[in-house]
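Naming convention: chains lettered A, B, ... in sequence-line order (proteins, then strands); numbering from 1 in each chain.
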Amino acid sequence: MRGPRSIEIWKMGAVNYLEALKLQEKLTSDRKTHKIKDTLLSLQHPPTFTLGKRRTVHNVLVSEAELKAMGAELHYTERGGDATFHGPRQVILYPIISLRDIGTGARKYVENLESTMIELASLYGVKARAGETGETGVWVGQRKIGAIGVRISSGITSHGLAFNIDPDLNYFKHIVPCGIPDKEVTSLQKEVGLGQKLPSEQVIHEQLVSCFTKIFGYTDVTWRDKTSVSSDGNE
Amino acid sequence: MATSLWATRAASFLRINVPCRGFATGSDVPICYLALYCYEIAAAFIDWFLKDLKYADSHEWVRVEGKSATVGITDHAQDHLGEVVYVELPEEGSKVERGASFGAVESVKATSDVNSPVSGKVVEVNTKLSDSPGLVNTSPYKDGWIIKVELEDDSDLPCLMDPERYTKFCEEEDASH
């Protein structure tokens with residue numbers, strides 16, 4: 001019989017993209033060598049555009065100088081997926097977990113990330129669905145509400161998912177989001193109606209984390225306030 | 001479970017090569033006996049083809065012929081990855097080390113590192129994967145090979161699993177889900 005599955009949740013607040021990347025690299029290395037258990041980072045980024053391993057720069061429609069002028073950064077990463085935007089009022093989860101320990105491959109892992117966001121949306125009466133083949137992510141009708149981009153190294157995950165609570169959707173006009181043209185990006189606020197008041201972001205972050213731990217079968221969940229953590233993992 | 005895993009490997013292999021297609025010979029032999037005969041020939045061929053492979057616990061396979069090794073990912077791996085849309089290949093001439101990453105595959109918005117089961121020098125990469133990354137899914141043991149390596153020595157090989165041990169390893173890993 002399998003024992004309880006444990007995870008530590010780091011509540012991090014707003015974190016610069018590069019700082020979060022360096023932290024993930026350290027935690028991935030620590031997880032590979034069993035220095036830490038499964039860990040989940042819950043955070044937001046300042047306005048940031050990112051590309052995946054395939055470097056699909058043609059899906060960034062403005063120059064890096066123009067992005068800088070609008071107060072955003074551009075980063076190239078080793079994750080899967082295409083161009084995307086991260087910003088305030090978008091909740092990000094970066095699970096650093098061992099897929100081998102749970103006998104799960106990339107496909108099932110990503111399906112579970114999709115289910116996590118679909119479950120959260122359903123708490124607000126929003127009927128979301130997983131994307132069709134080639135359109136990984138979470139959609140409400142033909143509008144994308146949640147994106148996924150993952151890296152798996154020796155069975156350890158990094159990067160993860162981004163769910164739109166109420167970010168400034170105008171930023172998405174500067175890219176072809178996820179490389180899929182002619183599809184709208186949406187948010188939870190837009191889908192429940194602009195007149196409807198959502199709970200605080202902190203509440204929604206916690207709800208998304210709870211959906212994650214439920215879908216992934218974690219029974220031993222520890223929360224840590226890490227709002228002052230630096231990229232080397234120290235407070 | 002072992003039978004189903006073997007059957008999955010056999011089905012994967014059969015998608016790319018069936019040695020006998022004699023269903024329309026017009027002979028007096030009933031079709032069902034001919035089909036069974038062809039199946040047994042194919043099964044023996046697959047068994048022979050796959051038995052020389054060794055496996056790493058990160059789900060890569062290696063076929064060693066003298067000082068040369070061919071590396072790819074297993075049918076179990078491609079099934080768990082989903083449809084592969086991109087393969088990152090190393091440079092020819094670069095060194096690979098047993099257990100270390102030499103490239104990656106992307107599927108369902110996830111990049112997964114591919115590790116080398118052996119140490120040596122990359123002498124050839126499968127450039128067909130640049131235009132047809134899906135070969136990793138449809139033909140993981142043949143047309144979906146990823147790199148060929150000139151071995152440093154053969155001291156890595158005893159650390160790798162034979163087919164029976166790898167089958168059991170996959171069963172145990174899937175059961176932990």
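- Residues S153(A) and D113(B) approach most closely at OG-OD2, 2.9 Å, considering heavy atoms.
- S58(B) and R100(A) get closest at one heavy-atom pair: CB-NH2, 3.4 Å.
- Of all the listed residues (H59(B), E83(B), E88(B)), the one sharing the greatest number of non-hydrogen pairs under 4.5 Å with chain A is E88(B).
- A salt bridge is absent between E106(B) and K53(A): the closest approach of a Lys/Arg side-chain nitrogen to an acidic carboxylate oxygen does not fall below 4.0 angstrom.
- Atom-to-atom distance recorded for L99(A):CG and H80(B):NE2 is 10.5 Å, nearest 0.5 angstrom.
- The choice from G131(A), G105(A), G81(A), G155(A) that makes the most heavy-atom pairs within less than 4.5 Å of chain B is G81(A).
- Closest approach of D174(B) to G103(A), counting heavy atoms only: OD1-O, 4.3 Å.
- Within the structure, the side chain to side chain donor-acceptor pair (under 3.5 Å) test picks out the following pairs touching residues 132-143 of chain A (sequence neighbours left out): E135(A)-K183(A), Q142(A)-K183(A), R143(A)-E191(A).
- In this structure, the separation between CD1 on I152(A) and OG on S107(B) is 7.0 Å, given to the nearest 0.5 Å.
- Note: T111(B) OG1 to R79(A) CZ = 9.0 Å, rounded to the nearest 0.5 Å.
- R151(A) touches chain B through backbone and side chain together, each having a heavy atom under 4.5 Å away.
- Rounded to the nearest 0.5 Å, atoms CD1 (I102(A)) and CD (E173(B)) are 10.5 Å apart.
- Here the closest heavy-atom approach between residue A106(A) and residue L81(B) is recorded as CB-CD2, 3.9 Å.
- Pairing each heavy atom of R107(A) with each of V108(B), the nearest pair is CA-CG2, 4.0 Å.
- More than 12 heavy-atom neighbours from other residues, nucleotides or ligands sit within 6.0 angstrom of CD on E92(B).
- Contacts of A77(B) with chain A are absent, with no heavy-atom separation under 4.5 Å from either backbone or side chain.
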